[in-house]
Amino acid sequence: DWKAARESLAARYGYDQYGGNCHMVPNHGLIIFSLLYGDDDFQKSLMIVNTSGWDTDCNSGNVGCLLGIKNGLQGMASGPDWRGPVADRLYLPTADGGRAITDAVTESIELINAGRRLAGQTPVTPKNGARYHFEFPGAVQGFQPEETIETKGTAVLENVKGHSQTGQRALAIHYNGLAVGRIARVATPSFIPSLNIANYFDQRGYSLLASPNVYPGQTIKARVVADAHNADAVTCKLYVRAYHTADALGYSSGPVVELGAGMDHTLEWTIEDTSLSPIAFVGVELTGSGGIKGTVYLDYLTWDGTPDVVLSRPAHGGHMWKRAWVNALDHTDRLMALDFWPEPFRLIQNSGRGLLIQGTRAWQDYSVTARMTPHMSQAGGIALRVQGLKRYYALLCDQESIRIVKALDGDTILAEAPGGWQFGRPCELTLQVAGNRLTGFLNGKQVIEATDPGYLLDGGAVALICEEGRIGCDYVAVRPLAP
């Protein structure tokens, strides 16, 4: 009788025996207890650990993780649909914000390749490194049918074998009832999916720090294949949803292709300007007429290229543009909180160095420009190839000098030149990187350059930097390098 046994556990190791809100010893006891009484069954073990109370979210996560490692996917096959509602989606709040909105497959590949690197082996890159490749059985990598008035009930997703040029599996989009006003859309999140989700975590003290992982200027590519038994042709295109007025999701789409039975096509679309709004979803849209049904297979979806984007306060306002920045500055309650400030960004750092970060590790060779006004600070500037709070290249200014700094296991000054900025006077800083060569500009004039012989920082985000003081910033522009 596991319920009676639970009372025995609580009497000796209960929360009343140990201080703190969620003490490790009682929780550890329940984890072991649930594994002992769960008969190696995923559903029964989770039922026991949840019903037993205490720190149910962490305890359930640990029990589920251990059983997943032990029994694999087949251990989750019985009972309710454990995987479908989650759709492989993961949130990883981190200073490396481009990694925050992710999925179980992507993180599994990261872990696999970490082990392979330690063993001196080449990394695994399914479908030539496509971001969404669907190569793991049952994986949907965050994709779900869109549930709006015009799309609800028009699509069902399934991971299937075949229908891939370079892999073994694909994502089947089974559509039905396509007609005027009835569209099938399937998408995966590329940023925090809604303001409600952001607020949910905030209210519980677990802020979801994240940056979008796709931006204007980048090119989305996806290979789609129409099932050979489709009775009617279907039209297909890529689309994104970005935050717009009142943080509602807007809509933009790429070129349309018509797919007859058995046809395949590689969709390609370079995303245009989204009016300074972060892109929250990327996906595939299917349309037709007369209530048609059929199946289209998504072989892969990925994107590449350097963003071509200006990051600032959008004209429509809202809050999600602010959430696109990973905030590692003091006085976070004031940062970008007041829309009547003349500058969109007001950086305030009491001691040490603070960063405001946006972007992903996929950004390699590019330039970042920011128009900044030092109100009063020890130093400040911009950074690129940012991989967290202590890994980046920076162009830093004070009133005496300008320097290029490599932050990795401490600061290394790669180059320094006389002349800096003046308090209260706006200046435009630009830092470019190509391979291991960095070039700095002040008000459009090249003033410094450096080469990093180590070249360990091969990609990363951008950041605004403030050291002990306050700095205003009007905009941040990320651009591809001129050919």
Side-chain angles (χ1 to χ4, degrees), residues 91 93-101 187 189-202 207-218 239-252 271-282 303 306-329 331-348 354-360 363 366 368-373 382-384 386 461-466 471-479:
Y91 300 147
T94 167
D96 193 0
R99 286 281 309 280
I101 307 301
S190 53
F191 182 49
I192 302 172
S194 72
L195 180 60
N196 288 337
I197 288 176
N199 289 338
Y200 173 88
F201 285 101
D202 287 347
S207 293
L208 179 51
L209 305 176
S211 293
N213 49 47
V214 62
Y215 288 81
Q218 296 186 300
Y239 80 98
V240 299
R241 288 197 175 276
Y243 286 105
H244 286 289
T245 305
D247 292 320
L249 290 172
Y251 170 89
S252 300
I271 308 171
E272 299 88 1
D273 177 38
T274 57
S275 300
L276 311 180
S277 304
I279 297 171
F281 289 91
V282 57
W303 52 80
T306 302
D308 190 350
V309 64
V310 175
L311 306 172
S312 187
R313 178 194 295 139
H316 57 72
H319 294 86
M320 294 307 287
W321 71 276
K322 307 173 186 179
R323 298 303 301 252
W325 293 90
V326 173
N327 189 347
L329 288 153
H331 295 293
T332 56
D333 56 325
R334 299 181 187 177
L335 176 71
M336 300 184 288
L338 302 176
D339 291 336
F340 59 77
W341 279 344
E343 66 272 2
F345 309 99
R346 183 164 287 190
L347 318 176
I348 303 173
L355 281 75
L356 186 65
I357 308 167
Q358 185 169 168
T360 80
W363 301 1
Y366 61 95
V368 56
T369 299
R371 181 180 170 87
M372 307 181 78
T373 303
I382 54 178
L384 44 65
V386 181
V462 300
L464 298 172
I465 297 176
C466 180
I471 300 171
C473 179
D474 298 318
Y475 63 85
V476 181
V478 182
R479 304 291 191 198

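- One finds the OG1 atom of Thr373 at 5.5 Å from the CG atom of Asp474 (value rounded to the nearest 0.5 Å).
- Contacts of Thr360 classified as side-chain contact (heavy atoms from CB on, under 4.5 Å), with partners at least two apart in sequence or in another chain: Asn213, Tyr215, Ala362, Trp363.
- By the side-chain hydrogen bond (donor to acceptor under 3.5 Å, both in side chains) test, Thr306 pairs with no residue at all, sequence neighbours left out.
- Counting heavy atoms from C-beta outward, Ser312 and Trp321 have side chains that stay 4.5 Å or more apart.
- Not counting sequence neighbours, Asn199 has no partner by the side-chain hydrogen bond (donor to acceptor under 3.5 Å, both in side chains) test.
- Pairing each heavy atom of Arg99 with each of Thr94, the nearest pair is CB-CG2, 4.5 Å.
- Trp303 and Gln218 make their closest contact through CD1-OE1, 4.0 Å (heavy atoms, listed as atom of the first residue, atom of the second, distance).
- Taking every heavy atom of both residues into account, Pro193 and Leu249 meet most closely at O-CD1, 4.2 Å.
- Take Tyr475 and apply the ring pair (Phe, Tyr, Trp, His ring centres under 6.0 Å) test, not counting sequence neighbours, and it matches no residue.
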Step-by-step side chain to side chain contact (heavy atoms under 4.5 Å, CB included) determination, Leu329 to Cys466 = CA-CA 8 Å; Leu329 288 153; Cys466 180; 4.2 Å; yes
inquiry  = Between Leu347 and Leu356, does the side chain to side chain contact (heavy atoms under 4.5 Å, CB included) criterion hold? Intermediate values first, please.
reply    = CA-CA 8 Å; Leu347 318 176; Leu356 186 65; 4.0 Å; yes
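- Contacts of Ser207 classified as side-chain hydrogen bond (donor to acceptor under 3.5 Å, both in side chains), with partners at least two apart in sequence or in another chain: Asp202.
- Under the rule for a side-chain contact (heavy atoms from CB on, under 4.5 Å), the partners of Thr245 that lie at least two apart in sequence or sit in another chain are His316.
- In terms of modelled atom types and a separation under 3.5 Å, the side chain of Ser194 and the main chain of Ile197 share a donor-acceptor contact.
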task = Could you please spell out the steps behind the side chain to side chain contact (heavy atoms under 4.5 Å, CB included) verdict for Trp325 and Leu311?
result = CA-CA 10 Å; Trp325 293 90; Leu311 306 172; 3.7 Å; yes
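- Side chains of Val476 and Val310 form no contact here, defined as non-hydrogen atoms less than 4.5 Å apart.
- Across Val326 and Ser211, no two heavy atoms sit closer than the pair CG2-OG, 4.0 Å.
- With contacts defined as side-chain heavy-atom distances shorter than 4.5 Å, the pair His244/Pro314 does not qualify.
- Annotation: side chain of Val386 is not in contact with side chain of Gln358 (no heavy-atom distance under 4.5 Å).
- In this structure the side chain of Ser190 never reaches within 4.5 angstrom of the side chain of Ile101, judged on heavy atoms.
- Counting only heavy atoms from C-beta outward, the side chains of Phe345 and Arg313 never approach each other to under 4.5 Å.
- Rounding to the nearest 0.5 Å gives a distance of 11.0 Å between OG of Ser277 and CE of Met320.
- Taking 4.5 Å as the limit, some side-chain heavy atom of Leu464 sits within range of a side-chain heavy atom of Met372.
- Residues satisfying the side-chain contact (heavy atoms from CB on, under 4.5 Å) criterion with Pro216, sequence neighbours excluded, are Thr274, Ile279, Val309.
- The two atoms that bring Ala324 and Pro278 nearest to each other are CB-CB, 4.2 Å, heavy atoms only.
- Here His319 pairs with Leu195, Asp247, Lys322 under the side-chain contact (heavy atoms from CB on, under 4.5 Å) rule; sequence neighbours left out.
- Smallest separation of non-hydrogen atoms from Tyr243 and Ile192: OH-O, 2.5 Å.
- At least one side-chain heavy atom of Val214 sits less than 4.5 Å from a side-chain heavy atom of Ile271.
- Of the possible donor and acceptor atoms, none in the side chain of Arg241 sits under 3.5 Å from a partner among the backbone N and O of Phe281.
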